[in-house]
Structures are given as C-alpha cells and as structure tokens.
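In each ligand, atom 1 is the first atom listed, and ligand 1 is the first ligand listed.
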Amino acid sequence: MQSAVCPGSFDPLHNGHVEVIARAANLFDEVIVAVSANMHKKPLFSLEDRIEMAQETFSYLRGITVRPLQPGILLTDFCKEVGASAVVKGLRGTQDLPYEMSMATMNRHLSGLETVFLPGDGRYSHLSSTLVKEVRSLGGDVAEFIPRSVHKRLRETAG
Ligand code: COD
C-alpha cells in the first residue's frame, strides 16, 4: 500500500488545497492530510478547528485521513511514523518552486523522502490562505474559494 502525506498549515483550507489533495487521493492508496501546529504567526483558527474543517471537507472522499503535525516534529519523522513514502505538494506556479524545491531537497537529504509536485489547477492559482483571510476581513465574499465547512466557520469567527 502506497501512502502519501499532504502537509500544510491550512489556516484556512481553500479550494486550491482541496483540489490538489483530492488528486493525490487518486494517485495513492492512502493520503494523510497533516495539519501543522507550528506556525510562525498566530493562526486565525486553532489546530483543532483546522483539523475539524479538513475532516468535514474530506469526509466524502475515500482514502483521506486528517492528522495533526505537532510542533517540534520534522515532516520526515512524521512520514516515517505514518508509513508514508512520499509528500505531495501543489504548485501555484513558478513562484512556489524555489521554496518548495528547497524543502523537497532537504527532506530527501534528511531521510530519502520523495516529494511529488502536482501543478495546481489554474482556477485556483491566485488562492492562498493569507489572501482569503485578508479579503474576508475587509468584507469581501470568499464563498467560491473555500469549502462549505470553512465558510461556515469564517462567518462564525468574523461575524
Ligand atoms: N493551488 C495549489 N496548491 C496550493 C495552493 C494553490 N492555490 N495553495 C497552497 N498550495 C499547496 C502548496 O503545496 C503548499 O505547500 C500546501 O498547499 C500547503 O499550503 P499552506 O499555505 O497551508 O502550508 P504552509 O506553506 O504553511 O506549510 C508549510 C509546512 C507545514 C508544509 C512546512 O512548514 C513543513 O513541512 N513543516 C514541518 C516541519 C519540518 O519538517 N520543517 C522542515 C521542512 S524542510
């Protein structure tokens, strides 16, 4: 059985993430969505909320589970613990490549862990969690960019 990890902060999850993770589930027997607790900035949503939103979003897809990526844990160690042979990352465009290449190369040097890059769908290439939060905080409508469970919680959070 081939398992892969899709890691991220997912603060919050948006449709660019969802599309890449759903495609990863077509390539691997099992996909583990690893929700990172370790963020440099204070997150808008707690780790528990981010996990719940991901669980609600992916509940209709087979082979996807959601787990916390606790602070102080290397992604390579997490992958070993859950038995994953690869990390799957989405690329919005060439701007993502330098940073993602550094992480992929570091992970391969650390433990032989491979990274599979999937080109993000052009419909979502403008999406980032930061932009979704900013537009929402200024009163913009972000419903078409995020899963329903995220939209519900954003409304509760931001009024
Ligand atoms: N379209 C397609 N894919 C997208 C889009 C989009 N519009 N937006 C984001 N993505 C993909 C990217 O591949 C991104 O990496 C992933 O979704 C997650 O996005 P974010 O923004 O939620 O996640 P980040 O960048 O905050 O996550 C960083 C990690 C948690 C992956 C990273 O810090 C990490 O691996 N941490 C573990 C500790 C560790 O091992 N550190 C050393 C790494 S070498």
Just so I know, are the side chains of F10 and V33 near enough to count as touching, which here means a heavy-atom distance under 4.5 Å? yes
Locate the shortest heavy-atom distance separating [X] from [Y]; write the atom from each residue and the value.
| X | Y | value |
| --- | --- | --- |
| Q2 | S85 | OE1-OG, 2.9 Å |
| A24 | L118 | N-CD1, 4.1 Å |
| R50 | F45 | NE-O, 3.0 Å |
| R153 | D49 | NH1-OD1, 3.0 Å |

Which atoms of ligand 1 are found less than 4.0 Å from any heavy atom of [X]?
| X | answer |
| --- | --- |
| M106 | 44 (S) |
| S36 | 30 (C) |
| V20 | 2 (C), 3 (N) |
| H14 | 5 (C), 6 (C), 7 (N), 8 (N) |
| N107 | 44 (S) |
| S9 | 20 (P), 22 (O), 23 (O), 24 (P), 26 (O), 27 (O) |
| I73 | 38 (C) |

For Y99, the hydrophobic cluster (side chain heavy atoms closer than 4.5 Å, chained through members) also holds M103
With sequence neighbours excluded, residues passing side chain to side chain donor-acceptor pair (under 3.5 Å) with Q70: none
Best match, L75, L127, L74: closest heavy atom to atom 42 (C) of ligand 1: L74
In plain terms, say whether K152 and E56 are close enough for a salt bridge, that is, a side-chain N and a carboxylate O under 4.0 Å apart. no
Judging by distance only, is a nitrogen or oxygen of [X] under 3.5 angstrom from one on ligand 1?
| X | value |
| --- | --- |
| H17 | yes |
| T76 | no |
| F10 | yes |
| E100 | yes |

